[in-house]
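Below: one structure, written as structure tokens.
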Amino acid sequence: MLLDIIHVSVQADFVLFLDFENGERRAFNMKAYLDQKPWARLKSGNVFQGAFVENGTVAWPGNIDIDPETLYERSVLIK
């Protein structure tokens, strides 16, 4: 099931709070991805804080994004 992200909020320690179109709010920790391309670039400066929603997923400046299915399946529900 593919769900679009409608809002992203950047938290401390490379965590994203994600609002999905089904009304769920979930937390996704990016730390495990930051040693892989292309996400390694998110560690420099304030690049990670530049997260925004584009085409139903999270993206960053420099043409970096991550699959919305990954974000949903590997995130935890915030109650």
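Numbers here are sequence positions counted from 1.
Following chains of ILVMFWY side-chain contacts shorter than 4.5 Å, one can reach Leu34 starting from Val10, so the two form part of one hydrophobic cluster.
Note: Phe28 and Phe14 fail the aromatic proximity criterion, with ring centroids not under 6.0 Å apart.
For Trp60 (side chain) and Phe48 (main-chain N/O), a donor-acceptor pair under 3.5 Å exists by modelled atom type. The backbone N or O of Leu2 lies less than 3.5 Å from no partner atom in the side chain of Glu69, so there is not a single donor-acceptor pair. Under the 3.5 Å distance criterion, the side-chain polar atoms of Asp67 are matched with a main-chain donor or acceptor of Thr70.
The two residues Gly56 and Pro68 have their closest heavy-atom pair at O-CB, 3.8 Å. Contact between Lys31 and Asp13 at its shortest, heavy atoms only, is CE-O, 3.2 Å. The two atoms that bring Gly50 and Pro61 nearest to each other are O-CD, 3.6 Å, heavy atoms only. Scanning all heavy atoms of the two residues, the minimum distance from Leu3 to Asn22 falls at CD1-ND2, 3.3 Å. Nearest heavy atom pair, residue Thr57 against residue Ile5, reads CA-CD1, 4.0 Å. The heavy-atom pair separating Arg25 from Leu77 by the smallest distance is O-CD1, 3.5 Å.
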Let me see the working for Met30 and Val15 under side chain to side chain contact (heavy atoms under 4.5 Å, CB included), right down to the final yes or no.
-> CA-CA 6 Å; Met30 282 289 299; Val15 172; over 6 Å; no
Derivation of the side-chain hydrogen bond (donor to acceptor under 3.5 Å, both in side chains) call for Gln11 and Ser9 = CA-CA 6 Å; Gln11 304 299 306; Ser9 175; 2.9 Å; yes
Does the side chain to side chain contact (heavy atoms under 4.5 Å, CB included) test come out yes or no for Asp35 and Lys43, once each step is laid out?
-> CA-CA 9 Å; Asp35 290 327; Lys43 294 189 290 187; 2.8 Å; yes
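Rounding to the nearest 0.5 angstrom, the gap separating the CG atom in Asp65 from the CD atom in Glu54 is 7.5 Å. The structure places OG of Ser75 at 10.0 Å from CG of Leu16, a figure rounded to the nearest 0.5 Å. In this structure, CG in Asp4 is found 11.5 Å from CG in Leu71, a value given to the nearest 0.5 Å.
Residues Arg41 and Val47 are not in side-chain contact: their nearest non-hydrogen atoms beyond the backbone lie 4.5 Å or more apart. The side-chain heavy atoms of Ile6 and Phe20, taken from C-beta on, include no pair separated by under 4.5 Å. Two residues are said to be in side-chain contact when any heavy atoms from C-beta on lie closer than 4.5 Å; Ile64 and Trp39 meet this criterion.
Heavy-atom contacts from other residues, nucleotides or ligands closer than 6.0 Å to CZ of Arg74 number 12 or fewer.
For Arg26 and Tyr72, the positive end sits near the middle of the six-membered ring, less than 6.0 Å away and at most 45° from its axis.
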